[in-house]
> 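My questions will all concern the structure given below.
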Amino acid sequence: MRLSRFFLPVLKEVPGEAQIVSHRLMLRAGMIRQEAAGIYAWLPLGHRVLKKIEQIVREEQDRAGAVEMLMPTLQLADLWRESGRYDAYGPEMLRIVDRHERDLLYGPTNEEMITEIFRAYSRSYKDLPKLLYHIQWKFRDERRPRFGVMRGREFLMKDAYSFDLDEAAARMSYNKMFAAYLNTFQRLGLKAVPMRADTGPIGGDLSHEFIILAETGESEVFCDARLVEMGAPGLDLDFDGDLQPVVDARTALYAATDEMHDSARFEAETPAEHRVSARGIEVGHIFYFGTKYSEPMKAVVTHPDGQDRPVHMGSYGVGVSRLMGAIIEAHHDENGCIWPESVAPFGVGIINLKAGDAETDQACQDAYDALTLAGKEPLLDDTDARAGGKFATMDLIGLPYQLVIGPRGLKEGKAEVKVRATGERHELSLADAVARLAEGAFS
RNA sequence: CGGGGCGUAGCGCAGCCUGGUAGCGCAUCUGCUUUGGGAGCAGAGGGUCGUUGGUUCGAAUCCAGCCGCCCCGACCA
């Protein structure tokens with residue numbers, strides 16, 4: 001992409017409403033525009049990142065054996081009356097009436113709908129297990145939206161739903177999502193720690209929040225440092241095998257959000273040098289809820305013994321749009337964003353220091369073509385802005401690498417590669433710089 | 001939903017207390033000079049002061065309602 005054709009409205013001054021760093025940087029880098037409280041337009045740069053995050057989430061769901069579908073944003077109120085949640089949900093639910101005076105709602109989640117879909121087609125234990133997901137916009141009319149996209153009213157969410165014969169089988173579905181989430185967040189450049197969450201009236205041990213540690217996190221968390229450093233199981237994990245050891249390894253050590261925190265247990269179970277108390281951002285939540293919806297909504301299957309029983313369900317959410325804020329919270333400096341390569345809106349930023357100079361233009365064009373061919377998705381700053389501004393903008397939008405090309409260096413056939421994360425600069429021949437960027441040698 | 005605050009040019013703000021027809025910085029446009037880390041000079045354009053009503057000879061300024069937004073708290077992917 002050429003910057004001259006792109007739409008990148010960067011802000012030198014920070015709009016006053018933004019308090020936390022990810023919100024400020026997203027506004028400054030021209031990634032989002034607020035249209036109403038908690039409702040944002042995704043400008044081209046932000047949209048590119050959003051799509052990359054979404055795609056990684058999708059790939060890891062698919063790898064775990066979940067099946068993608070897409071449910072509508074608008075739902076019939078009658079569906080929610082079946083589960084009793086239409087009245088229970090309160091003003092957080094956005095209610096809409098259509099021209100026929102039918103009650104609709106903009107879905108805050110999809111348990112009812114997926115249960116309705118499942119029950120319409122499934123009759124036998126032979127239809128189980130099933131693991132379905134979609135990635136769709138949700139709306140929750142938060143009393144107080146804040147932190148930009150981290151707590152918006154409209155948000156993009158991946159939600160998966162599992163259907164199993166009994167709790168033991170449901171645990172296997174749960175474990176698949178548990179492992180898939182670890183891989184997902186690792187690919188996104190995040191260290192996510194699973195923390196035991198409140199299971200409410202269901203009870204049991206099958207609910208975890210996935211929390212990333214960040215100074216600006218919304219809630220206080222406590223955990224064992226060894227948990228933070230524990231890697232993900234890896235993309236070669238056999239999701240059809242026994243995943244219990246994977247889960248056990250990550251649930252043996254202490255980790256709790258403040259509402260589940262027990263300081264006596266924390267001190268008893270965790271040596272002082274491993275105790276971490278920090279702030280965290282919830283980016284995922286997995287939950288087994290048994291027959292909470294299948295029973296009132298009559299989603300039953302016939303078991304081998306001939307008896308009909310409600311299916312055991314779980315739901316598994318990832319806040320896709322929220323993740324963008326979380327990633328920036330985890331990866332930024334005073335100059336701007338520092339995108340992990342996996343989600344960077346462009347792979348390399350090429351800075352033409354003297355647009356209009358025939359030789360420099362040509363060198364930039366050649367580098368651009370070569371990097372495009374190598375799949376690096378370069379962004380070429382071909383505008384006639386001053387050098388200082390170009391450097392500042394490139395740092396702000398946080399592309400992992402910058403290739404700086406100007407007439408002064410070109411006289412000796414040289415160009416400069418800057419690694420955004422570390423700030424280190426390499427002066428090399430232009431051909432070398434392009435070749436090394438193409439092969440990912442600076443990673 | 002309780003408590004607090006703010007709406008004046010695209011963005012950041014001053015002016016309001018003590019009423020007299022609007023200003024600063026950045027951005028934008030023009031010209032010249034500059035040109036390797038957010039340039040300099042000169043000039044120009046841009047605002048029914050959130051909105052409705054009231055008080056007044058006169059309202060950005062005082063009063064009331066409404067709308068929008070932000071912060072702290074309680075609640076949530």
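None of the values given here were measured: they were computed from a predicted structure. Proteins come first, then strands; the chains are lettered A, B, ... in the order of their sequence lines, and each starts at number 1.
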> Determine the contact category for G38(A): base if any of its heavy atoms lies under 4.0 Å from a base atom, sugar-phosphate if only primed atoms, P, OP1 or OP2 are that close, otherwise nothing.
nothing
> Base, sugar-phosphate, or nothing for T393(A), non-hydrogen atoms under 4.0 angstrom?
base
> Over all strands shown, is G317(A) touching base, sugar-phosphate only, or nothing at heavy-atom distances under 4.0 angstrom?
nothing
> Does C70(B) have its OP1 or OP2 closer than 4.0 Å to a side-chain nitrogen or oxygen of Q34(A)?
yes
> Can you check whether K12(A) has a side-chain N or O nearer than 4.0 Å to OP1 or OP2 of G38(B)?
no
> Which nucleotide in the list G73(B), C76(B), G12(B) gets nearest to the side chain of R322(A)?
C76(B)
> Which nucleotide sits closest to the side chain of A37(A): C70(B), G38(B), C72(B)?
C70(B)
> Under 3.5 Å, side-chain donor or acceptor atoms of residues 190-198 of chain A against the rest of the protein: list the pairs with distances, not counting sequence neighbours.
| unit_1 | atom_1 | unit_2 | atom_2 | d |
| --- | --- | --- | --- | --- |
| K191(A) | NZ | E229(A) | OE1 | 3.3 |
| D198(A) | OD1 | G200(A) | N | 3.0 |

> Would you mind classifying the nucleic acid contact of E92(A) as base, sugar-phosphate or nothing, using non-hydrogen atoms under 4.0 angstrom?
nothing
> Taking OP1 and OP2 of A39(B), is either one under 4.0 Å from a side-chain nitrogen or oxygen of R386(A)?
yes
> Flag the pair Y288(A) / Y174(A) as yes when their ring centroid distance falls below 6.0 Å, and as no otherwise.
no
> With a 3.5 Å limit on both atom pairs, tell me what G7(B) is paired to, counting Watson-Crick and G-U wobble, or say none.
C67(B)
> Using a cut-off of 4.0 Å on non-hydrogen atoms, how would the nucleic acid contact of G389(A) be classed: base, sugar-phosphate, or nothing?
base
> Across the strands shown, which category fits A18(A) at heavy-atom distances under 4.0 angstrom: base, sugar-phosphate, nothing?
nothing
> Return the nucleotide paired to G2(B): Watson-Crick means purine N1 to pyrimidine N3 with N6-O4 or O6-N4, wobble means G-U with N1-O2 and O6-N3, both under 3.5 Å.
C72(B)
> Between the protein and nucleotides 42-44 of chain B, which nitrogen or oxygen pairs come in under 3.5 angstrom?
none

